[in-house]
Amino acid sequence: MTASKPILELTGISKSFGSIHALREVDLSIATGEFFGFLGPNGAGKSTLLKVFCGFQPADTGEIRIKGQPVAADDQQARRSLGLVPQELALYDRLSAINNLRVFGGIHGLGRARIEEKGRELLESVGLWERRNDRVKDFSGGMKRRLNIIVSLLHEPDILLCDEPTVGVDPQSRNAIFEFLENLNRRGLTILYTTHYMEEAERLCRRIAIIDHGKILACDKQDRLLADAGSGCEVLIKKAPGMEPVVEAAGGQGELIEEDLTWRLVPGPGLRLSRLYAIIEEHGLSHEHLQVRQPSLEGLFLQLTGRKLRD
Ligand SMILES: Nc1ncnc2c1ncn2[C@@H]1O[C@H](COP(=O)(O)OP(=O)(O)OP(=O)(O)O)[C@@H](O)[C@H]1O
Ligand SMILES: [Mg+2]
């Protein structure tokens with residue numbers, strides 16, 4: 001398969017706020033038409049990365065290229081092909097949905113007729129047309145999030161940067177947002193998506209960068225990331241009376257991480273499942289206390305960083 005041309009490229013991007021290194025020497029190349037995910041916990045640097053792309057934050061060092069052309073930190077004209085869905089809602093609460101689109105369309109320099117036409121199409125596509133004249137302050141969380149997304153699509157960007165666009169949204173509305181974005185991507189829009197929800201990255205993003213402390217720790221197609229994740233499985237050990245010897249033995253077989261109800265063993269090369277099962281039998285414990293699972297992005301993340309995606 002020939003790779004598509006890169007539409008966005010970062011080389012050696014670093015950004016500090018005083019002593020906080022938000023981004024450290026980030027290199028990245030995004031191909032046209034990708035649905036690319038940044039997966040990382042709070043404070044990893046995801047929003048900073050998108051802000052540097054958009055020119056809202058200048059990088060300290062490094063180069064950004066859009067469609068092959070180097071772009072200066074303050075060159076907004078070169079960034080017209082980008083649309084940012086910010087993590088914090090950026091809407092005028094006291095205006096109606098349609099008037100929000102008119103204001104943002106005006107900021108983008110779009111003509112009135114264009115705004116009305118595109119605005120209607122977008123409102124319809126996210127099920128908000130009937131509510132166009134209602135004030136945003138009376139919208140549900142999911143409706144606000146959908147409006148927040150379409151505002152960034154008015155000027156018809158080629159690349160959409162979505163910064164945790166489903167925060168505070170119930171599962172059904174989240175699903176509607178996923179389907180909307182997947183549909184846009186199928187029609188050719190390149191999407192960069194930040195999240196700390198593993199399930200979102202698993203569903204939406206074929207290629208993923210795992211990011212923590214401002215560094216990209218791994219970046220590849222999901223299946224390759226998981227295939228490279230050590231022994232190819234993880235073991236959950238239930239916290240139950242009598243399981244202490246199993247936990248102790250597991251400690252020497254890889255990285256053991258304590259969770260609320262379980263210990264999670266991300267195996268190293270010394271994994272000996274038979275030893276764990278033997279201890280269970282010796283002590284007359286239930287086999288169900290031990291669960292062997294397919295590797296997950298969460299497991300990979302733990303392996304790379306020793307911590308969980310969500311605090
Ligand atoms: N304007 C700023 N001034 C000072 N520190 C900042 C600023 N913006 C970000 N930071 C710091 O940079 C680091 C990365 O922040 P960033 O917002 O990019 O993380 P994130 O991955 O988006 O986190 P979250 O999941 O919580 O949104 C954090 O330590 C944060 O406190
Ligand atoms: Mg953020």
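Small disclaimer: the values here were computed from a predicted structure and weren't measured. Just so you know, ligand 1 is whichever comes first in the structure, and atom 1 is the first atom listed for that ligand.
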Does any N or O of ligand 1 fall below 3.5 Å from an N or O anywhere on Ala44, backbone included? yes
Which atoms of ligand 1 sit under 4.0 Å from any heavy atom of His196? 25 (O)
Is atom 30 (C) of ligand 1 touching the protein, meaning some protein heavy atom lies under 4.0 Å away? no
Heavy-atom nearest neighbour in the protein, as seen from atom 14 (C) of ligand 1, with distance rounded to 0.1 Å: Gly43 O, 3.4 Å
Atom 25 (O) of ligand 1 has as its nearest protein heavy atom Lys46 NZ, 2.7 Å
CD of Glu179: more than 12 outside heavy atoms within 6.0 angstrom? yes
re atom 16 (P) of ligand 1, the protein heavy-atom contact at minimum distance is Thr48 OG1, 3.6 Å
Is a donor on one side and an acceptor on the other found under 3.5 Å between the side chain of Ser96 and the backbone of Asn99? yes
Mark yes when over 12 heavy atoms from residues, nucleotides or ligands other than Glu282 sit less than 6.0 Å from its CD; otherwise mark no. yes
Top protein contact for atom 26 (O) of ligand 1, by heavy-atom distance: Asn42 ND2, 3.0 Å
Look at Ser47 and state whether any of its N, O or S atoms is less than 2.8 Å from the Mg ion (ligand 2). yes
Taking everything shown except Lys118 itself, do over 12 heavy atoms lie less than 6.0 Å from its NZ? yes
With Arg120 as reference, evaluate Glu117, Glu124, Glu116 under the salt bridge (Lys or Arg N to Asp or Glu O under 4.0 Å) test and give the passing residue. Glu124
Give me the residue, atom name and distance of the protein heavy atom closest to atom 12 (O) of ligand 1. Ala22 CB, 3.5 Å
The option among Gly214, Gly45, Ser47 carrying the non-hydrogen atom nearest to atom 17 (O) of ligand 1 is Ser47
Taking atom 6 (C) of ligand 1 as the point of reference, which of Phe17, Phe38, Phe56 owns the nearest heavy atom? Phe17
Contact between Leu8 and Leu192 at the side-chain level, heavy atoms closer than 4.5 Å - yes or no? yes
Leu110, Val151, Leu128, Leu95 screened by side chain to side chain contact (heavy atoms under 4.5 Å, CB included) with Leu101, the one that passes: Val151
For ligand 1, which part of Glu164 has a heavy atom less than 4.0 Å away: the side chain, the backbone, both, or neither? side chain
For Arg272, look at atom CZ and say whether over 12 heavy atoms of other residues, nucleotides or ligands are found less than 6.0 Å away. no
Specify whether an N/O/S atom of Gln87 falls short of 2.8 Å from the Mg ion (ligand 2). yes
Does Gln87 reach the main-chain N or O of Asp163 with its side chain, forming a donor-acceptor pair under 3.5 Å? no
